Amino acid sequence: MSYTTEVLERVIAQNPAQPEFHQAVKEVLESLEPIISQNEEVYRKDALLERLTTPDRQILFRVAWIDDQGQTQVNNCYRVQFNNAIGPYKGGLRLHPSVNLGIIKFLGFEQVFKNALTGLPIGGGKGGSDFDPKGKSDREIMAFCQAFMTELMRYIGQDTDVPAGDIGTGAREIGYLFGQYKRLKGTYEGVLTGKGLTYGGSLARTEATGYGLLYLVLELLRDHQIDLAGKRIAVSGSGNVAIYAIEKAQQLGAKVVTCSDSSGWVYDEAGIDVDLLKEVKEVKRARLTEYVKQRSSATYHEGKGVWSVKVDIALPCATQNELDLADAKQLVANQVLAVAEGANMPTTLEATKYLQAQGVLFVPGKASNAGGVAVSALEMSQNSGRLSWSFEKVDQELQKIMTNIYQTIAQAAKEVGCQGNYVVGANVAGFKKVAEAMQAQGVY
Ligand code: NDP
Ligand code: 2IT
């Protein structure tokens, strides 16, 4: 049995009932097969793949907080410190009722490769809780965040592990978390990124993941002599990543005709009104039904459906496994040119393979959504230097980083004889950097 197959079987046996984690590891190990087999003896002897697929540390704890009715609530919380070969653990905190250890492990594993691709010195980690921020008052959010940080603070620090936002964790939550860390630790340090601009946050961090996605798509299309201007785009989600992907796509002359949330989706033939979407989602924290009430060109549909619309480019920006084989077939039938992931692992393995086999340009999230964590790393640099850079400077750095990521993954794919397979390119390029750093630092 090949070393990669053996390690995948080991991961599945040792981590039962964690399908998302198995999926993420399977995708990576399959891609690595050509380079692992060239050097199998060395990697086997070093148990490199066993170490790479097992988190350095998995921290599980419960927190309790009191809701507005005086009832004590209990939540499960996680921080998975996956790999710090190239820098301090870095990755977001997800607050969503679906959160479990397997989901945090898949996200942490992906983060290791993503962070390597940014070219910046950050290792991979992820955390979160099954706390559901939906419908909670500001006081309840604060109570939960303070309870969460009271435990989490023992494990994190500006040079050890630097959390940030993810699903359900935005500027408000980061503010409450940061305040509690500062009070308990008694130091003012850049322990979290995505902070507000008045207390150490970086300009352009809010926009970074969505903007970065479009910068990468721009470079991908340029490489294939395709113009972005004039293209029709389907976006899923209506959170941080989706909103700023829509904004940048429209600034670049494309027309985004869809967005969604977990209840339903919007089709807007006139193109999504991003200011209205921000008002509905960022200010009112309302559902998309509010958007269509104020927008006559838009229709609202219950459930799933974004991928049924005829578009040139699809940008899944909501959550894992939201684009399956049936969706991929529909997109191909509608002659989609490119799919680039804004979310983490939004495309199932079957859908990814189908899209690639049909000649659709496909970029995995660990490359295309790396702009967020890249600007987080720039926020860490600014905090260490006690500086704050202009929006233009950060945005220019982001553009350089995303262009460089595209070039890196395209080149890596070519080198292993898989030209145009950006899944292989991203996994191989990320792996090479992390593996080399692990080998240089001796067995640990
Ligand atoms: P937000 O919480 O801001 O938005 C999430 C969006 O996705 C909402 O529209 C939400 O709808 C929808 N969504 C979430 N869960 C589900 C679900 N189970 N089914 C259907 N829709 C769902 O999160 P972000 O925009 O920050 O994150 C979106 C994705 O991007 C995630 O995969 C995240 O890991 C990834 N990502 C985020 C980065 C960041 O910097 N924020 C960086 C890189 C990747 P609803 O409101 O109804 O729940
Ligand atoms: O998935 C991701 O890359 C994020 N949620 C952002 C992580 C970060 O540390 O900014």
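First listed ligand is number 1; within each ligand, the first listed atom is number 1. Only heavy atoms go into these numbers, but all of them, side chains included; no hydrogens, no water, no symmetry mates. Please read these numbers as outputs of a predicted model, since none were measured by experiment.
- Within ligand 1, counting atoms from 1 as listed, the ones closer than 4.0 Å to a heavy atom of C317 are 28 (C), 29 (C).
- The residue V375 has no part lying near ligand 2, judged by heavy-atom distances below 4.0 Å.
- Among protein heavy atoms, the minimum distance from atom 33 (C) of ligand 1 is reached at D166 OD1, 3.2 Å.
- A salt bridge (charged side-chain N to carboxylate O under 4.0 Å, His left out) with D261 is found for exactly one of K304, K281, R285, namely K281.
- Contacts between R287 and ligand 1, counted as non-hydrogen atom pairs separated by less than 4.0 Å, involve the side chain only.
- Summary of contacts: the protein heavy atom closest to atom 3 (O) of ligand 1 is N240 N, 2.9 Å.
- One finds a salt bridge joining E189 and K185 here, because a Lys/Arg side-chain nitrogen approaches an Asp/Glu carboxylate oxygen to under 4.0 Å.
- Closest to atom 6 (C) of ligand 2 among all protein heavy atoms lies R205 NH2, 3.6 Å.
- The distance criterion of under 3.5 Å between nitrogen or oxygen atoms is not met by A164 with respect to ligand 2.
- Close approach of ligand 1 to G237 (heavy-atom distance below 4.0 Å) involves ligand atoms 9 (O).
- By the 4.0 Å N-to-carboxylate-O rule, E207 lies too far from K248 to be salt-bridged with it.
- In this structure a side-chain-to-backbone donor-acceptor pair under 3.5 Å is present from E341 to G365.
- Here the two rings, on Y78 and F61, have centers that are 6.0 Å apart or farther.
- Here the shortest heavy-atom distance to atom 4 (C) of ligand 2, taken over K366, K126, R94, belongs to K126.
- The pair D166-R94 meets the salt-bridge criterion, with a side-chain N (NZ, NE, NH1 or NH2) lying under 4.0 Å from an Asp/Glu carboxylate O.
- Protein heavy atom in closest approach to atom 4 (O) of ligand 1: G239 CA, 3.2 Å.
- In this structure, the protein non-hydrogen atom closest to atom 10 (O) of ligand 2 is S376 OG, 2.5 Å.
- Heavy-atom proximity to G165, at under 4.0 Å, picks out these atoms of ligand 2: 4 (C), 5 (N), 6 (C).
- Side-chain contact of D324 with W307: a donor-acceptor pair under 3.5 Å is absent, judged by distance alone.
- In terms of protein heavy atoms, atom 27 (O) of ligand 1 is closest to I167 CG1, 3.7 Å.
- Ligand 1 has a nitrogen or oxygen under 3.5 angstrom from a nitrogen or oxygen of V241.
- Remark: K353 does not engage E350 in a salt bridge, criterion side-chain N to carboxylate O under 4.0 Å.
- Remark: atom 10 (C) of ligand 1 lies closer than 4.0 Å to no protein heavy atom.
- A salt bridge links E110 with K366; the closest basic N to acidic carboxylate O contact falls under 4.0 Å.
- At a threshold of 4.0 Å, the pair R295-D273 counts as salt-bridged, since one of the basic side-chain nitrogens sits closer than that to a carboxylate oxygen.
- Looking at K114 next to ligand 1, no N or O pair under 3.5 Å apart turns up.
- With a 4.0 Å heavy-atom cut-off, ligand 1 is reached by the side chain of R205 but not by its N, CA, C or O.
- S202 and Q382 form a side-chain donor-acceptor contact under 3.5 Å, judged by distance and modelled atom types alone.
- No side-chain donor from either of Q73 and E140 sits under 3.5 Å from a side-chain acceptor of the other.
- Per-residue contacts place N344 under 4.0 angstrom from the following atoms of ligand 1 (heavy atoms of the residue considered): 32 (O), 33 (C), 34 (O), 35 (C), 36 (N), 44 (C).
- In this structure, the protein non-hydrogen atom closest to atom 9 (O) of ligand 2 is K90 NZ, 2.7 Å.
- Taking atom 3 (O) of ligand 2 as the reference point, the nearest protein heavy-atom neighbour is K114 NZ, 2.7 Å.
- The closest protein non-hydrogen atom to atom 31 (C) of ligand 1 is A318 O, 3.4 Å.
- Looking only at protein heavy atoms, the nearest one to atom 19 (N) of ligand 1 is T319 CG2, 3.8 Å.
- Counting only heavy atoms of the protein, atom 2 (O) of ligand 1 lies nearest to G168 N, 2.9 Å.
- Within ligand 1, counting atoms from 1 as listed, the ones closer than 4.0 Å to a heavy atom of K134 are 45 (P), 46 (O), 47 (O), 48 (O).
- The residue among G108, G92, A343 with a heavy atom at the shortest distance from atom 7 (C) of ligand 2 is G92.
- Remark: the Q180 side chain and the T150 side chain contain an N/O donor-acceptor pair separated by less than 3.5 Å.
- Of all protein heavy atoms, the one lying nearest to atom 45 (P) of ligand 1 is S262 OG, 3.4 Å.
- Note on E151 versus R79: no salt bridge recorded, every NZ/NE/NH1/NH2 to OD/OE distance being 4.0 Å or above.
- Using a 4.0 Å cut-off between heavy atoms, E110 makes no contact with ligand 2 at all.
- With no hydrogens or angles considered, no side-chain donor-acceptor pair links N427 and Y422 at under 3.5 Å.
- Proximity to S260 (heavy-atom distance under 4.0 Å) selects the following atoms of ligand 1: 9 (O).
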Review point. side-chain hydrogen bond (donor to acceptor under 3.5 Å, both in side chains) between K255 and Q250: does it pass, once the steps are laid out?
Key: CA-CA 6 Å; K255 191 197 232 188; Q250 296 190 337; over 6 Å; no
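- Judged by distance alone, with hydrogens and angles left aside, the side-chain atoms of D132 form no donor-acceptor pair with the main-chain N or O of H96 at under 3.5 Å.
- Below 4.0 Å from some heavy atom of R94 lie the following atoms of ligand 1, by number and element: 31 (C), 32 (O), 33 (C), 34 (O).
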